[in-house]
Amino acid sequence: MTATARLRANDNAVGCDTVLPGIGSGALLRAANAGPARTVAVTSGKGGVGKSHVALYLAAGAASWGQRVLLIDADVGLASQDLLVRARPRHGLGQVVRGEVALEDAVVEVPGGLELLASPVGDPGLMGLSDGERRNLVDAVDGMAWRYDLVVIDTGAGVAGDALPLSAACDEVVVVTNPEPTALRDAYAVIKLLNQRWGEDRFSLAVNSVRDDLEGVSVHRRLSAVASRFLPVYVEYLGSLPKDDGLPAAVMRGEPLYLTAPRSPFAAAARGLATRLLQKERPARPRGAHHFLSRQRLGGAEQ
Ligand SMILES: Nc1ncnc2c1ncn2[C@@H]1O[C@H](COP(=O)(O)OP(=O)(O)OP(=O)(O)O)[C@@H](O)[C@H]1O
Ligand SMILES: [Mg+2]
């Protein structure tokens with residue numbers, strides 16, 4: 001299917017009848033063939049703030065604009081993307097990086113026009129990777145990156161494990177928080193570590209579970225004020241997502257709201273965030289496929 005056809009099909013799926021403001025379908029076609037995928041990590045300091053939902057709905061929002069999207073569930077031990085969309089992947093990310101399964105054999109199509117590389121129950125994920133296995137991951141993603149416009153990675157929460165190096169290996173980092181002070185403090189900790197250990201200096205902030213967007217703006221203002229006071233970083237506001245009681249119910253059904261209720265508060269807001277993400281200029285840094293998950297970065301601080 002061409003990018004334009006996909007755009008139309010997905011537009012129908014979500015009830016949209018416009019092209020992406022500022023991009024348009026012609027540019028989308030070009031973008032679809034422009035080179036390796038843009039890689040976006042969705043991460044957080046505190047767990048349970050809605051990272052997996054933000055990653056999934058951002059990915060689906062981008063797919064609804066005709067982007068070829070791969071969502072990677074890299075949340076070691078707590079993977080959930082397969083449950084959110086009721087997919088039954090036979091293989092997972094861990095098997096891919098251990099060279100047991102080809103990436104294309106592990107990827108499954110999920111409703112909404114996107115593809116998922118999951119970490120199903122029993123899959124070791126990225127835990128305890130050897131250097132050779134990290135190389136497999138780089139090779140696998142390098143090989144696939146030209147087939148996608150956007151790769152969204154749902155990382156684990158916190159400052160331990162692979163979440164930070166994974167984030168640092170991507171073109172862009174979306175930090176998810178909710179308005180609670182503990183979540184905000186942990187979001188700041190993630191930003192600080194990514195800056196100090198990997199030199200990241202640009203972040204996008206998504207504020208989840210807000211009463212209204214004013215609350216999101218205020219949370220962003222507080223976090224970015226502290227961050228720019230103490231660190232050489234720029235924290236951009238990607239947007240807010242409302243608290244939506246429909247979301248837990250959708251999880252119970254295994255039917256994401258972007259399919260069943262695309263105009264519901266969370267799904268509509270997430271599509272707005274996806275639109276902003278796609279409209280943002282891609283960082284000028286020479287990243288992309290060859291940079292993605294390079295051994296130096298997964299192994300620790302950049303040399
Ligand atoms: N905006 C929202 N409105 C209502 N419920 C929400 C919202 N965002 C997330 N939730 C609920 O909060 C819970 C945690 O969400 P999610 O799994 O996306 O968080 P997470 O950050 O990925 O968690 P973890 O750190 O464990 O991976 C889920 O039960 C989800 O339904
Ligand atoms: Mg999660």
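FYI, side chains are in, hydrogens and waters are out, and symmetry mates aren't considered; it's all heavy atoms of this structure. Along the sequence shown, the residues carry numbers beginning at 1.
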Does Ala225 have any side-chain contact (heavy atoms from CB on, under 4.5 Å) partners at least two apart in sequence or in another chain, and if so, which?
none
Not counting sequence neighbours, which residues clear side chain to side chain donor-acceptor pair (under 3.5 Å) with Thr177? List them please.
none
Residues two or more places apart in sequence or in another chain: which of them pass side-chain contact (heavy atoms from CB on, under 4.5 Å) with Pro265?
Pro242, Asp244
Is a salt bridge present between Arg38 and Asp171, judged by a nitrogen-to-oxygen distance below 4.0 Å?
no
Residues 179-190, side-chain donor-acceptor partners within the protein, below 3.5 Å, at least two apart:
none

With Arg211, which residues qualify under salt bridge (Lys or Arg N to Asp or Glu O under 4.0 Å), at least two apart?
Glu215
Val108 with Val101, same ILVMFWY side-chain cluster at under 4.5 Å
no
If the condition is salt bridge (Lys or Arg N to Asp or Glu O under 4.0 Å), which residues does Glu236 pass it with, not counting sequence neighbours?
Arg202, Lys280
Partners meeting ring pair (Phe, Tyr, Trp, His ring centres under 6.0 Å) with Phe266 (sequence neighbours left out)
Tyr57
Can you list the residues that meet the salt bridge (Lys or Arg N to Asp or Glu O under 4.0 Å) rule with Arg147, with sequence neighbours excluded?
none
Counting N and O atoms only, with roles assigned by atom type, does the side chain of Asp73 sit under 3.5 Å from a partner on the main chain of Asp75, one being a donor and the other an acceptor?
yes
Please list all pairs passing the salt bridge (charged side-chain N to carboxylate O under 4.0 Å, His left out) test where one or both residues lie in residues 92-118, with sequence neighbours left out.
none
Sort and list the pairs that fulfil salt bridge (charged side-chain N to carboxylate O under 4.0 Å, His left out) and have at least one residue in residues 245-257, not counting sequence neighbours.
Arg253-Glu255
Pairs touching residues 226-252 that satisfy ring-ring contact (aromatic ring centres under 6.0 Å, His included), sequence neighbours left out
His220-Tyr237
Who are the side-chain contact (heavy atoms from CB on, under 4.5 Å) partners of Ala41, not counting sequence neighbours?
Thr155, Ser167, Cys170
Please report the interatomic distance CD1(Ile191) to CG(Leu205), rounded to the nearest 0.5 Å.
6.5 Å
